[in-house]
There are 2 protein chains.
Amino acid sequence: MKSGSPIADLCSIERTLQIVGERWSLLVLREVLLYGHSKFGDIERSLTIAPNVLSERLATMVDAGVLEKHEYREAGSRARFSYHPTDAGRDLIIVLAALQQWGDDHNAPEGGVTVTRSLGDSPARVAIVDSSRRAHDLDDLRFSPTAAYVRAR
Amino acid sequence: MKSGSPIADLCSIERTLQIVGERWSLLVLREVLLYGHSKFGDIERSLTIAPNVLSERLATMVDAGVLEKHEYREAGSRARFSYHPTDAGRDLIIVLAALQQWGDDHNAPEGGVTVTRSLGDSPARVAIVDSSRRAHDLDDLRFSPTAAYVRAR
DNA sequence: CAGTATCCTGAACGATACTG
DNA sequence: CAGTATCGTTCAGGATACTG
C-alpha cells in the first residue's frame, strides 16, 4: 500500500497498513489465521482471488515477517510451500477480531452474527486493558503523541 | 471498497472493510478519533489528501453512521460542517489501537514508539477479554462459524 | 496442483479549477 | 475556507496463458 500522509513512517497505524492495508491482505489473513488454511489453492478457492494477486499478497506478508513458507511434498509430486503465521502474524488476529466485533456490533449481517469468538465456553470480546489485564471503558483511553512526533506533523 | 470474496456480505470483517477499508479511511478516522480534528481543512492539511477524496471518504463514513456532520458558523461566513464520530464510530478506535499496537510491537518506527496509549497513568493494551472483563492469552481465542455460514462457503 | 508471467481494465487517487 | 466538479494518471486487481 502506498505510503499516504506526511507522517507515514512515524505512525504505527500507517506502517501496519502498509503491510496489511491492501484490499485482499486481511482476507488472506482471515483464511490463514481464522480458518487455518495454509495451501495456496485452498486460499485461492476460498476467496476466489486471482492467483497472481494472491501470490503477491503472500509474498509481501512473508517479506514483512507475518507469514512464513514451509516446504512440503505430497507423494509423487514436487515440493510445494504452505503458508503459516509467524508469532508476529498471529498477533494480527486481534486486528481481525476488532474489525469483526465492530461489524457484529454495528453492521451485522442480515441473519445475525455468522462467526462467534469465544474463550472456552464464554464469549470473547476485544477490549482495552490496563497493566493488570482488566478491561476499561473506551472513554478512558488516551493517545499521547511524543514531542518528536508532534514536531514532525 | 469493492466487495471481494463470495461471502463478503456474511463476514463481519469484510463488511467492516467495505466501510473503512479504503486507503484513506482509517487515516481520516485517526485524525478525527485520535487527534480530535473535526474540520475539513484541518483533516485535509494534516493528511495532505486531495479534497475530493476526503469529501468522498467523509461522505461514505457519514452514510455508514460512523461520522456525523454538525453545522457551525464562524462570524461573518457561511455555515460549514464539522465531522464528529458517532457512538458507533467511536468504537472503531479499538481497530486503530489494534493496528497501532501491532506496529509498535512488531514494526516500530526508527526512533521508537511515537504515540502511546494509556489509561490514566498506566499503559493501555488491546486484548481479548472474557465476560468478566479479564484478558486472556491470544491462543485461547476460538472462532466458530455457524452452520449457515459454513454452508455458504 | 502451485504458482509465475503477461496483458488489460477499472477504480481509487492526485491535481486543479471552480463556486459560495 | 469548505467543499464540488472535472480530468488525467497510476497502480491494484482480474483474466488467462503458461510452466514444472
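Because the structure is predicted, anything quoted here is derived from the model rather than measured. A, B, ... follow the sequence lines: proteins, then strands. Residue 1 opens every chain.
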Do you see a donor-acceptor pair shorter than 3.5 Å between the side chains of A/Ser122 and B/Asp130?
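No, no side-chain donor-acceptor pair sits under 3.5 Å.
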Let me know, please, whether A/Pro51 or A/Gly4 comes out on the 5' side of the other along DNA chain C by nearest nucleotide.
A/Pro51
DNA chain C: A/Arg45 or B/Val53, which has the more 5' nearest nucleotide?
A/Arg45
Ignoring hydrogens and angles, write down the donor-acceptor pairs under 3.5 Å from the side chains of residues 87-98 of chain A, residues two or more places apart or on other chains.
from	atom 1	to	atom 2	distance (Å)
A/Asp87	OD1	A/Arg90	NH2	3.0
A/Asp91	OD2	B/His106	NE2	2.6

Would you mind reading off the distance between [X] atom [atom1] and [N] atom [atom2], rounded to a whole angstrom?
X       : N      : atom1 : atom2 : result
A/Leu26 : D/dA12 : CG    : P     : 16 Å
A/Met1  : D/dT10 : CE    : P     : 19 Å
A/Asn52 : D/dA15 : CG    : P     : 10 Å

Under 4.0 Å, heavy atoms only, any strand: does B/Glu22 hit a base, just the sugar-phosphate, or nothing?
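It contacts sugar-phosphate atoms only.
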Is A/Glu74 touching bases, backbone alone, or none of the nucleic acid, heavy atoms closer than 4.0 Å?
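Counting heavy atoms under 4.0 Å across all strands, no contact is made by A/Glu74.
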Indicate the atoms forming the closest heavy-atom contact of B/Leu29 with B/Val20, along with that distance.
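So the two residues come closest at CD1-CG1, 3.9 Å.
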Considering only heavy atoms of chain A and a distance under 4.0 Å, specify the first and last nucleotide of DNA chain C in 5' to 3' order that meet this criterion.
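Contact span on the strand: C/dC1 to C/dT6.
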Counting only Watson-Crick or G-U wobble pairs whose two distances fall under 3.5 Å, which nucleotide matches C/dA2?
D/dT19
Any strand is fair game: report the nucleotide pairing with C/dA12 by Watson-Crick or G-U wobble, both distances under 3.5 Å, or none.
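When the pairing criteria are applied, D/dT9 turns out to be the nucleotide that pairs with C/dA12.
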Between A/Gln100 and B/Phe143, is any pair of side-chain heavy atoms under 4.5 Å apart?
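Yes. Closest side-chain heavy atoms under 4.5 Å.
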Regarding A/Asp105 and A/Arg125, does a basic nitrogen lie under 4.0 Å from an acidic carboxylate oxygen?
yes
Between the main-chain N or O of A/Ser38 and the side-chain N or O of A/Ser82, is there a donor-acceptor pair closer than 3.5 Å?
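Between the backbone of A/Ser38 and the side chain of A/Ser82 there is no qualifying donor-acceptor contact (under 3.5 Å).
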